[in-house]
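Note that this is a predicted model, so its numbers are computed, not measured. Values below: all heavy atoms of this structure, side chains included; hydrogens, waters and symmetry mates excluded.
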Amino acid sequence: QVQLVESGGGLVQAGGSLRLSCTASGRISRTTMGWYRQTPGNERELVASIGSAGDTNYGDSMEGRFTISRDNARSTVYLQMNSLKPEDTAVYYCKMRSIIVTWGQGTQVTVSS
């Protein structure tokens with residue numbers, strides 16, 4: 001079974017930037033990849049997704065600040081996050097959807113005011 005490993009989370013001041021990476025142990029070229037985030041007591045919400053053809057979709061308030069991209073040769077999907085706000089603080093999860101759905105373990109992003 002394919003495994004996903006996220007990296008790039010951390011602590012950043014409001015207005016700063018982070019780039020998250022998600023690397024899969026297998027090929028991703030024919031899959032839809034996505035980033036979701038979750039805060040305590042809340043459901044996981046879509047941040048951004050990217051299809052196998054490069055088509056993208058963003059959650060509310062994400063587009064314009066966040067950019068998702070993929071490098072199939074590296075089996076990696078990225079999430080560039082700019083103009084970060086304290087309300088972006090969450091655990092960010094990578095998701096791969098093919099025949100089955102696979103989730104990564106999550107990476108913490110904390111934005112201080």
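For the pair S75 (side chain) and G26 (backbone), a donor-acceptor distance under 3.5 Å is present. Using a distance-only test at 3.5 Å, with no hydrogens or angles considered, no donor-acceptor pair links the side chain of Q38 to the main chain of A90.
Two different hydrophobic clusters hold I50 and W103 under the rule that ILVMFWY side chains link at heavy-atom gaps under 4.5 Å. The hydrophobic clustering, which links ILVMFWY residues whose side-chain heavy atoms are closer than 4.5 Å, places V12 and Y92 together. One hydrophobic cluster, built from ILVMFWY side chains closer than 4.5 Å, holds both M81 and I68. Y93 and V47 end up in different hydrophobic clusters when Ile, Leu, Val, Met, Phe, Trp and Tyr side chains are linked at under 4.5 Å. Following chains of ILVMFWY side-chain contacts shorter than 4.5 Å, one can reach L84 starting from M62, so the two form part of one hydrophobic cluster.
Counted by atom type alone, R70 and N72 present one or more donor-acceptor pairs between their side chains at under 3.5 Å. Judged by distance alone, the side chains of T76 and T23 do bring a donor and an acceptor atom under 3.5 Å apart.
For the atom pair D71 CG and Y78 OH, the distance stands at 5.0 Å (nearest 0.5 Å). Atom CE of M33 and atom SG of C94 lie 4.0 Å apart (nearest 0.5 Å). Taken to the nearest 0.5 Å, the OG1 atom of T31 stands 11.5 Å off from the NZ atom of K95. To the nearest 0.5 Å, the span separating OG on S113 from NZ on K85 amounts to 14.0 Å. For the atom pair CG (L4) and OG (S25), the distance works out to 7.0 Å, reported to the nearest 0.5 Å. Taking CZ from R65 and OG from S83, the interatomic distance works out to 7.0 Å, rounded to the nearest 0.5 Å.
Both the sub-6.0 Å distance and the 45° axial angle are not jointly satisfied by R44 relative to the ring of Y36.
A 6.0 Å sphere centred on CD of Q3 holds no more than 12 heavy atoms belonging to other residues, nucleotides or ligands. By the neighbour-count criterion of 12 heavy atoms within 6.0 Å, atom CG of D60 is sparsely surrounded, having that number or fewer from other residues, nucleotides or ligands.
Between Q13 and V111 the shortest side-chain heavy-atom distance does not fall below 4.5 Å. Using a 4.5 Å heavy-atom threshold, the side chains of T67 and L79 count as separate.
Smallest separation of non-hydrogen atoms from T32 and G51: OG1-CA, 3.9 Å. S112 and L11 get closest at one heavy-atom pair: CB-CD1, 4.3 Å. Considering every non-hydrogen atom in both C22 and W35, the closest pair reads CB-CZ2, 3.5 Å. Shortest non-hydrogen contact noted between S17 and N82 is OG-OD1, 2.9 Å.
With respect to R37, the side chain to side chain donor-acceptor pair (under 3.5 Å) criterion is satisfied by exactly one of T89, T107, D88: D88.
The ring pair (Phe, Tyr, Trp, His ring centres under 6.0 Å) search around F66 returns none, not counting sequence neighbours.
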Inset, instruction - Evaluate side-chain contact (heavy atoms from CB on, under 4.5 Å) for V2 paired with M96, printing each intermediate quantity in order. - result: CA-CA 9 Å; V2 175; M96 181 175 73; 3.6 Å; yes

Inset, instruction - Show your reasoning for whether side-chain contact (heavy atoms from CB on, under 4.5 Å) applies to R30 and S98. - result: CA-CA 7 Å; R30 296 184 179 183; S98 55; over 6 Å; no

Legend entry - Step-by-step side-chain contact (heavy atoms from CB on, under 4.5 Å) determination, L20 to V109: CA-CA 9 Å; L20 304 183; V109 171; 4.1 Å; yes

